[in-house]
Each structure stands twice: as structure tokens, then as C-alpha cells.
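For reference, the structure is listed below as C-alpha cells.
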Amino acid sequence: MRPFAFALALMFAGLAPLSAQGFGPAPDAATAREILALREDAWRAFFANDTVAFKRVVPAELIALSWGGGAWEDRTQTIVRMREFAGTGMKLDALHFTRNVMQQYGDAVILYTGFHLVLKGPNGEQEETTGRGTEIFARRDGRWIHTGWHLDAIAP
């Protein structure tokens, strides 16, 4: 390759869209399935106000940043929000994860995700939220736990 062409190729190499770039070390298929199931369990436990199931997958040292701003929360504070949500009478009607990209670094997996959820109220009212998230999982004592997340909502 001629020097000018080589320099041009190097200059434009970093401009490839994300879809064309590698995302780093991905977990094996079994680990990926386990992480996705664990994430699903955590979200569904939250919306069902299922404290026992939530505590099974989310440790006390959780750091949670939810969409809509607000304070950073630990597991205890997040469980309070679960109860508050349950008190509204709203129920999870649909939950879809629209994109998942994972990176694994030893006993840690970072999951970048897109989500869409639909909540229904006691009088049939409906709320939809679409957003993105970064979720962190760690392997402790031979099992994966959901140690943190940062979510944002995307305007419709």
C-alpha cells in the first residue's frame, strides 16, 4: 500500500459506525443466556413488587440510577420504590428488550440494552417508556448477581 493510501486508511478506520465495530470480549452463549434471564428476573420482580425474588438476584450493594433523574439508590431504597410503584395500581403489561450487547471482563459482564415497556393502570390507562440502559453483573460464589444499572428514557 502506498504511504498516502495507508495514512488515509488509518485516518478513516476510527470512523466506522458502531454496528461495524467489535464490542470487545463477549461472554459465551451459556453465560449470555444466564445474564439475560437474570436481568429479566430483576425487572419483572421490580414491577411485581416481589421483594424475595428481587433480593435473590440483586445484592445489598446495588447502585441504581433510574430514568427520570433522582437520587442514586441502593437495594433498600429501590425496594421502597418497588412498593411505591405497587401502590399506584399500575401493572407491567409488556416488557421488551430491543437490543443487547455484552462485554465480559473476568467475573464481570456489562450489558448495554434498549428497552420498551408498557404499564397499565387500574382504570385501563396506559404508560409507555422506551429507553436505554447499562447493566452490570458480577459472578460471586459461582453465580451471577445484578449489581447495578443506569437507565435513561428516550423521548417519544
**Study point:** Heavy-atom check, side chain of Phe115 versus side chain of Arg99, under 4.5 Å
**Key:** no

Review point. Is a side-chain donor or acceptor of Thr147 paired with a backbone partner of Ile136 at a separation under 3.5 angstrom?
Key: yes

Exercise for review: Any chance you could measure Leu38, atom CG, to Arg143, atom CZ, to the nearest 0.5 Å?
Suggested key: 8.0 Å

Exercise for review: Applying side chain to side chain contact (heavy atoms under 4.5 Å, CB included), run through Arg140 and Asp107 and close with a yes or a no.
Suggested key: CA-CA 8 Å; Arg140 178 186 293 161; Asp107 286 339; over 6 Å; no

Review point. Could you go step by step and tell me if Trp144 and Ile35 meet the side chain to side chain contact (heavy atoms under 4.5 Å, CB included) rule?
Key: CA-CA 7 Å; Trp144 290 99; Ile35 295 296; 3.6 Å; yes

Check your understanding: How long is the span from the CG atom in Leu62 to the CD1 atom in Ile79, to the nearest 0.5 Å?
Key -> 9.0 Å

**Study point:** Cation-pi geometry met for Arg75 and Phe54 (6.0 Å, 45°)
**Key:** no

Review point. Any side-chain donor-acceptor pair under 3.5 Å between Thr31 and Arg139?
Key: no

**Study point:** Leu111 side, atom CG; Thr134 side, atom OG1 - distance, nearest 0.5 Å
**Key:** 8.5 Å

Practice item. Decide yes or no for Val118 and His116: does some side-chain heavy atom of the first lie under 4.5 Å from some side-chain heavy atom of the second? Key: yes

Check your understanding: Going hydrophobic residue to hydrophobic residue with side-chain gaps under 4.5 angstrom, can you get from Val58 over to Leu65?
Key -> no

Exercise for review: Please examine the side chains of Ile63 and Asp74, heavy atoms only from C-beta on, and report whether any two atoms are closer than 4.5 Å.
Suggested key: no

Review point. Hey, what do you get for CG (Leu151) to OG1 (Thr129), rounding to the nearest 0.5 Å?
Key: 10.5 Å

Check your understanding: So do Leu117 and Leu92 actually touch side chain to side chain, heavy atoms under 4.5 Å?
Key -> yes

Review point. Do the side chains of Thr51 and Met82 get nearer than 4.5 Å, heavy atoms only?
Key: yes

Check your understanding: Hey, what do you get for CG (Asp152) to CZ (Arg132), rounding to the nearest 0.5 Å?
Key -> 4.0 Å

Check your understanding: Passes side chain to side chain contact (heavy atoms under 4.5 Å, CB included), Leu95 versus Phe97? Steps please.
Key -> CA-CA 7 Å; Leu95 175 61; Phe97 295 101; 3.8 Å; yes

Check your understanding: Hey, does Leu119 have a side-chain heavy atom less than 4.5 Å from the side chain of Gln126?
Key -> no

Review point. Are side-chain heavy atoms of Phe46 and Thr78 found at a separation under 4.5 Å?
Key: yes

Practice item. May I ask you to decide if the ring planes of His146 and Trp149 are parallel, tilted or perpendicular, using 30° and 60° as cut-offs? Key: perpendicular

Review point. Is any side-chain heavy atom of Glu125 closer than 4.5 Å to a side-chain heavy atom of Lys120?
Key: no

Point to revise | Check: Ser66/Arg81 side-chain N/O donor and acceptor closer than 3.5 Å | key: yes

Practice item. Could you tell me whether the side chain of Gln104 and the main chain of Gly106 form a donor-acceptor pair under 3.5 Å? Key: yes

Practice item. Classify the side-chain pair Glu135/Tyr112 by whether it contains a donor and acceptor separated by less than 3.5 Å. Key: no

**Study point:** Verdict with supporting geometry, Phe85 and Met90, side chain to side chain contact (heavy atoms under 4.5 Å, CB included)
**Key:** CA-CA 7 Å; Phe85 172 77; Met90 299 291 279; 3.7 Å; yes

